[in-house]
Amino acid sequence: MLCLRPTGIPRHHQRALYSTLVPSDEITINYKHGLPVITLTLPSRKERCQFTIKPMLMTVGAFLQDIQREDKAIEKVEVFTPDGSAISASTLMEVLLMNDFKLVINGAEYSINPPLKDKISTEHATEMDDIKSMVYRLFTALHLEDHQITRERELMQKIELLKEELLPLEQMKAGISAHVDAKTSRLLWIGLALMSAQGGALAWLTWWVYSWDIMEPVTYFITYGSAMAFYAYFVLTKQDYVYPDARDRQFLHYFHRKAKTQSFSVDQYNKLKEDLAEVEESLKRLRNPLQLRLPVQEISGKH
């Protein structure tokens with residue numbers, strides 16, 4: 001802020017202090033170096049004082065506080081629209097300077113007509129955008145390596161934390177999986193034993209007890225019953241009865257039942273595994289300069 005002491009006959013300025021309507025030229029607004037400069041006369045010292053405004057950062061409240069801070073004799077300063085509506089202190093000065101307004105200092109009213117700022121030409125705006133883009137690329141080139149190192153360190157620390165959380169769950173899962181796998185294998189061997197016993201019983205009844213003429217309808221109904229059982233499996237599971245799929249289904253059934261008894265949270269385990277996979281993929285993407293700027297979806301689609 002720049003303050004200038006006026007020269008001339010003091011009594012002329014003394015009469016201006018008691019005026020309730022001050023001419024509009026008492027407050028002027030000019031643009032210097034692209035910033036608006038508001039020049040007004042301080043009531044107590046009768047000095048011309050300049051206030052440089054940063055339109056996009058400064059609010060009306062901050063501007064009024066600067067005026068009161070410069071002249072302690074100012075008890076009240078307010079800003080109104082031409083129709084008398086008060087303007088909020090949180091309003092940006094950029095918005096205020098778009099239209100005419102009134103500045104009231106200790107009851108003295110100043111009508112202010114801000115000048116229109118020259119609009120930037122299209123070519124100049126394009127040049128400014130190019131300069132901003134160049135500055136951004138230069139900043140990225142200078143700081144990208146540091147950013148990569150910091151980001152890599154953060155990802156590695158996160159991987160270590162996730163692995164520490166997963167370690168007890170992995171140990172518990174391994175124990176449950178071993179128990180469930182043995183139980184599932186035992187069930188498969190029991191199924192094979194039952195099928196062997198059924199075949200042996202049918203052979204004994206066919207060749208030693210009865211004849212084929214009597215056992216043929218029996219075997220037909222056994223086959224038809226087996227087909228009904230497979231169809232019922234499809235109705236209940238919406239899957240074909242394929243032996244590997246049936247084994248995996250039975251394994252998961254036993255696993256979830258065993259997990260409940262041992263308080264093993266399957267949801268928590270799956271969430272940690274997904275987070276670990278995501279962080280590892282981010283780290284792999286960060287370390288690969290060819291994939292550094294590619295979206296995650298494109299990278300995932302290549303694997």
Side-chain angles (χ1 to χ4, degrees), residues 155-285 287-288 296-297 299-303:
L155 291 175
M156 293 181 66
Q157 290 177 354
K158 192 171 183 180
I159 288 175
E160 292 298 327
L161 291 176
L162 289 173
K163 286 183 177 180
E164 289 180 3
E165 293 183 25
L166 273 171
L167 182 60
L169 296 177
E170 289 284 6
Q171 294 175 350
M172 187 179 298
K173 175 181 174 292
I176 296 175
S177 297
H179 179 269
V180 171
D181 187 69
K183 189 173 183 179
T184 305
S185 298
R186 187 164 55 250
L187 180 63
L188 294 178
W189 283 105
I190 291 174
L192 178 61
L194 291 176
M195 292 178 67
S196 300
Q198 178 183 341
L202 291 175
W204 179 70
L205 291 173
T206 301
W207 285 303
W208 280 276
V209 180
Y210 304 109
S211 63
W212 175 249
D213 294 336
I214 296 175
M215 294 303 299
E216 183 178 9
V218 176
T219 56
Y220 169 78
F221 282 109
I222 290 176
T223 304
Y224 184 75
S226 300
M228 290 182 61
F230 294 150
Y231 183 75
Y233 177 86
F234 171 77
V235 171
L236 294 175
T237 63
K238 303 299 185 295
Q239 294 178 351
D240 292 334
Y241 188 80
V242 182
Y243 290 116
D245 295 342
R247 182 193 181 282
D248 293 341
R249 185 179 183 84
Q250 193 62 39
F251 177 88
L252 291 176
H253 174 70
Y254 286 152
F255 184 89
H256 282 275
R257 193 165 64 179
K258 184 69 174 177
K260 289 182 179 180
T261 60
Q262 294 193 5
S263 300
F264 177 79
S265 178
V266 178
D267 294 336
Q268 181 184 3
Y269 176 81
N270 291 336
K271 180 66 170 55
L272 291 174
K273 291 290 287 185
E274 291 175 0
D275 292 343
L276 180 61
E278 183 178 352
V279 175
E280 288 178 344
E281 182 64 28
S282 299
L283 182 60
K284 181 179 178 181
R285 179 170 177 258
R287 289 175 173 175
N288 192 341
V296 178
Q297 294 80 358
I299 298 173
S300 300
K302 294 181 181 179
H303 298 294

Let me have the donor-acceptor pairs involving side chains of residues 220-238, under 3.5 Å, with sequence neighbours excluded, atom names and distances please.
residue	atom	partner	partner atom	Å
T223	OG1	T219	O	2.9
S226	OG	I222	O	3.0
T237	OG1	Y233	O	2.6
T237	OG1	Q239	N	3.4
K238	NZ	V235	O	2.8

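Annotation for V279 and L162: closest pair CG2-CD1, 4.1 Å, computed over non-hydrogen atoms. Taking each heavy atom of A259 and V266 in turn, the nearest pair found is CB-CG2, 4.2 Å.
Applying the side-chain hydrogen bond (donor to acceptor under 3.5 Å, both in side chains) test to every pair with at least one member in residues 174-200, sequence neighbours left out, gives these pairs: D181-R247. The side-chain hydrogen bond (donor to acceptor under 3.5 Å, both in side chains) contacts involving residues 199-218 comprise nothing, where partners must be two or more places apart or lie in separate chains.
Here CG of L166 is found 12.5 Å from CE of M172. Values are rounded to the nearest 0.5 Å. With rounding to the nearest 0.5 angstrom, the CD1 atom of I176 is 4.5 Å from the CD atom of Q262. Atom CG in L272 sits 6.5 Å away from atom CG in L169 (nearest 0.5 Å).
For K271, the salt bridge (Lys or Arg N to Asp or Glu O under 4.0 Å) test picks out D275, with sequence neighbours left out. For K260, there are no salt bridge (Lys or Arg N to Asp or Glu O under 4.0 Å) partners, not counting sequence neighbours. A search for salt bridge (Lys or Arg N to Asp or Glu O under 4.0 Å) contacts involving E280 returns nothing, not counting sequence neighbours.
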Could you please spell out the steps behind the salt bridge (Lys or Arg N to Asp or Glu O under 4.0 Å) verdict for R285 and E278? CA-CA 10 Å; R285 179 170 177 258; E278 183 178 352; over 6 Å; no
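A side-chain contact (heavy atoms from CB on, under 4.5 Å) with L167 is found for exactly one of Q171, E164, K163, namely Q171.
Between F264 and Y269, the ring-plane angle classifies as tilted under the 30° and 60° cut-offs.
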